[in-house]
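To find a chain, count down the sequence lines: A is the first, B the second, and so on, and within it residues start at 1. What's counted below: heavy atoms across the whole structure, side chains too, no hydrogens, waters or symmetry copies.
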Amino acid sequence: MSNSDSIRPTNFVRDIIQKDVNDNVHGGKVITRFPPEPNGYLHVGHAKSICLNFGLAEEFGGQCNLRFDDTNPGKEEQEFVDSIKEDVQWLGFQWSGEVRYASDYFDTFYAWAIHLIKNGKAYVCDLSPEQASEYRGWATQPGKDSPFRDRSVEENLDLFERMKNGELDEGACVLRAKVDMTSPNMNMRDPILYRIRKESHHQTGGKWCIYPSYDFAHGQEDAIEEITHSICTLEFQDHRPLYDWFLDNLPVPSRPHQYEFGRLNLSYTITSKRKLKQLVDEKVVAGWDDPRMPTVHGMRRRGFTARGIRNFCDGLPVAKSGGVVDVAQFEAAVRDDLNENAPRAMCVLDPVKVVISNMEEGAVEQMTAPAHPQREMGTHTMPFTREIYIDRADFSEDSSLSRKKFKRLVLGEWVRLRSAYVIKADEVIRDASGELQEIRASLVPGTVGINPPEGIKPRGVIHWVSATEGKQATIRLYDRLFLNEAPDATDEGFLKYVNPESLKVLEGCWIEPGLIDAQPEQSFQFEREGYFVADRFDHSAEHPTFNKTIGLRDTWASKTN
RNA sequence: UGGGGUGUCGCCAAGCGGCAAGGCAACGGGUUUUGAUCCCGUCAUUCGCAGGUUCGAGUCCUGCCACCCCAGCCA
């Protein structure tokens, strides 16, 4: 196992749960939930929340529900419901029982609203949004009671029913809780419980034309599902008193508690559903599953493995401070998993032909190499022929290059072809324009798996693919989508910092022939190049297509610059 | 500004009055048929700032400063 796998630092949420379990609070049960709104695709920040909620439940032998917080039909779609379910499962988690929806509980919420009205704790307010904002007051300035605050229970009941029956227009009025217009916490200044929305809902269709607000829904959903620990992000801290207020004033079946942790921010990355949507809508990327997107769908297509993502999330401390995690830390977790689990293969991205003059034309010699240098993963076989390709960057005519600086093929010198022979570059052939066209080389016999004789010192090891037995492939090179480490934080707007070179499509790359049998989503390490994945949708034996997930760690590049 | 939070290495953080964990990054060195992996080593006399309490303070007290969140009929 990778070392990040075993490191799961404790955190304040786990400590609270541990204590509750020890003290037999909630009968020792642990029930958590992951409550996305289906208004977009899940991203890496949600992955942290998923790992936390599902992970904690798993750790304490509890359960975790998947519940869609679908209280705002205008922004939500079935497409997002489907993608979210797929993502959670892909990450390797299974929710407890059926998928749940806030909309499953709309009847109960409606009854509870009436309960509040009957207790004189809610009223229908006719103030326009602008007026309501005015009445709400400001930080230093307490709010004023709405003129509708003292309507009779009967009138409120009647009005609320008419709201439900669609007799009133959108925006005409709302149902508000009667809390405290002078509270320093703005959320307590008579928050909205229900608003009129004459829109079809992806789950309930046309059944409702009033929808509960987040505040009037979330805690009650938790209570209905008997959630013990309701874990959410920091921006909801101010809502906790309201969360508790509803639970205290409603006949709820259980008493959950809310705990908040810091949202994940990644450098060079945007994690705002609105902005991610903008990237899709403005066609900056090809879609929600573009491999450059930090969405779970995007990361999956990019070749970031579920295990790598989980290892990363599990290694993240859960704290109340909100910092920016270096994207390199994420990349390291993914690389770690891929290094451990991806079989090795060879691919030449920028081919230049090498003709081995002392090899017979038409001869094919099968070279066998382990699929992994350390782990037992079987072998792969690569045909070696008179004509092969190596990468253009792996050859130089400049023999003054020091051995330390250039550990590749130099004219007149030797290099090891990985898992095959040591060869010597004898001569170069150029085309009319002077461009290097072909290298003539000779192999040192008997050097497969055996060190060359005294006096022959290969400068290094390079990768290769047979020119006659290899296959052509399309390779898509991905790089960071943004050039600014905080694309979100700049005044000019994040679109200004889109990396124009975040995608390069290479046609005519050469892969070892066995690679055409790769299954979509199968990851490989192309030796000396990086980790690549067979594209989930576009790869086939006829048109091999690989996405670069991430490069190898390269300590050498930084030293020479 | 009122309220809610947060300030410990370049980044993320542990720390709960008794010698400042760990990960990422960086930098040295070793092994290596991947400039990868792996291994070994280096990397905070100091915890936002200033006072105070204490034998002893990152931890307790007081004051200040900085940053984030709320002020949607979004979640």
Taking atom [atom2] of [N] as reference, at what distance in whole Å does atom [atom1] of [X] sit?
X	N	atom1	atom2	answer
A/Asn341	B/U37	CG	P	16 Å
A/Glu235	B/G72	CD	P	16 Å
A/Arg459	B/U34	CZ	C1'	18 Å
A/Arg189	B/G2	CZ	P	13 Å
A/Met186	B/G3	CE	C1'	9 Å
A/Asp391	B/G35	CG	P	12 Å
A/Leu417	B/U34	CG	P	13 Å
A/Asp190	B/C73	CG	P	12 Å

Regarding [X], tell me which of base, sugar-phosphate or nothing describes its non-hydrogen contacts under 4.0 Å with the strands shown.
X	result
A/Phe406	base
A/Ile450	base
A/Arg553	sugar-phosphate
A/Gly74	nothing
A/Arg408	base
A/Gln141	nothing
A/Val448	base
A/Phe236	base
A/His239	base
A/Thr233	nothing
A/Thr71	sugar-phosphate

Check: A/Arg263 side chain to A/Gly45 main-chain N or O, any donor-acceptor pair under 3.5 Å?
Finding: no
Next item on the list: Look at the side chain of A/Arg33 and the backbone N and O of A/Ile231, then say whether any donor-acceptor pair between them is shorter than 3.5 Å.
Entry: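 Such a contact is found between A/Arg33 side chain and A/Ile231 backbone.
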Notebook entry, point to check: If you draw a 6.0 Å radius around NZ in A/Lys320, do more than 12 non-hydrogen atoms from other residues or ligands fall strictly inside?
Noted result: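 Correct, the count exceeds 12.
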Check: Quick one: the side chain of A/Arg416 and the base of B/U33, do they pair up donor-acceptor inside 3.5 Å?
Finding: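 A donor-acceptor contact between them is present.
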Check: Of all of residues 122-130 of chain A, which get a heavy atom below 4.0 angstrom from RNA chain B, listed by number?
Finding: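 Output list: A/Leu127, A/Ser128, A/Pro129.
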Using the [atom1] atom as the point on both nucleotides, what is the distance between [M] and [N], in whole Å?
N	M	atom1	answer
B/C40	B/G22	P	13 Å
B/C69	B/G17	C1'	32 Å
B/U46	B/A13	P	23 Å
B/C61	B/U6	P	14 Å
B/G28	B/U62	P	48 Å
B/G41	B/C47	C1'	26 Å

Check: Shortest non-hydrogen contact from A/Pro487 to A/Ile270?
Finding: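 Heavy-atom minimum between the residues: CG-CG1, 4.0 Å.
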Note to self: Which heavy atom of A/Lys48 sits nearest to which heavy atom of A/Gly262, and what is that distance?
What the structure shows: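 Nearest pair, atom of A/Lys48 first, then A/Gly262: NZ-O, 3.0 Å.
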Next item on the list: Measure from the ring centre of A/Trp138 to the centre of the six-membered ring in the base of B/A71, then say whether that distance is under 5.5 Å and the planes meet at under 30°.
Entry: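 Here the ring of A/Trp138 and the base of B/A71 are stacked, with centres under 5.5 Å and planes under 30°.
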Checklist line | pi-stack flag for A/Trp556 and B/G35, centroid dist under 5.5 Å, interplanar under 30° | finding: yes
Quick one: which of [options] gets closest to the side chain of [X]?
X	options	answer
A/Arg136	B/A71, B/G3, B/A14	B/A71
A/Ile192	B/A75, B/C73, B/C38	B/C73
A/Leu552	B/C12, B/G35, B/U34	B/U34
A/Ala319	B/C73, B/A75, B/A13	B/A13
A/Ala139	B/G35, B/A75, B/G2	B/G2

Under 3.5 Å donor-acceptor pairs involving side-chain atoms of residues 130-144 of chain A, not counting sequence neighbours:
| unit_1 | atom_1 | unit_2 | atom_2 | d |
| --- | --- | --- | --- | --- |
| A/Glu130 | OE1 | A/Ser128 | OG | 3.3 |
| A/Gln131 | OE1 | A/Ser128 | N | 2.8 |
| A/Gln131 | OE1 | A/Ser128 | OG | 3.2 |

Next item on the list: Please check if any side-chain donor atom of A/Asn341 sits under 3.5 Å from a side-chain acceptor atom of A/Ser523, or the reverse.
Entry: no
Margin query: Can you see whether A/Tyr214 engages A/Glu37 through a side-chain donor-acceptor pair at a distance of less than 3.5 angstrom?
Written below: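 Side chains of A/Tyr214 and A/Glu37: no pair found under 3.5 Å.
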Item checked: A/Asn339 or A/Asn451, whichever maps to the more 5' nucleotide of RNA chain B ->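 The answer here is A/Asn451.
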Item checked: Residue mapping more 5' on RNA chain B - nearest nucleotide basis, A/Thr447 or A/Asn185 -> A/Asn185
Notebook entry, point to check: Would the A/Phe160 and A/Tyr194 ring centres measure less than 6.0 Å apart?
Noted result: yes
Check: Looking at A/Tyr268, is A/Arg480 sitting on its ring face, NZ or CZ under 6.0 Å from the six-membered ring centre and within 45 degrees of the normal?
Finding: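 The answer is yes; both the distance and angle limits are met.
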Item checked: Among A/Glu76, A/Lys273, A/Lys75, A/Lys277, the one residue meeting side chain to side chain donor-acceptor pair (under 3.5 Å) with A/Asn39 ->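 Testing A/Asn39 for a side chain to side chain donor-acceptor pair (under 3.5 Å) against A/Glu76, A/Lys273, A/Lys75, A/Lys277 leaves exactly one candidate, A/Lys273.
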Sub-3.5 Å pairs of nitrogen or oxygen atoms, protein against nucleotides 4-11 of chain B:
| unit_1 | atom_1 | unit_2 | atom_2 | d |
| --- | --- | --- | --- | --- |
| B/G4 | O4' | A/Asp238 | OD1 | 3.3 |
| B/G4 | O2' | A/Asp238 | OD1 | 3.1 |
| B/C11 | O2' | A/Val324 | O | 2.8 |

Item checked: salt bridge (Lys or Arg N to Asp or Glu O under 4.0 Å), paired with A/Asp394, selected from A/Arg418, A/Arg528, A/Lys407 ->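 Per the salt bridge (Lys or Arg N to Asp or Glu O under 4.0 Å) rule, the option paired with A/Asp394 is A/Arg528, out of A/Arg418, A/Arg528, A/Lys407.
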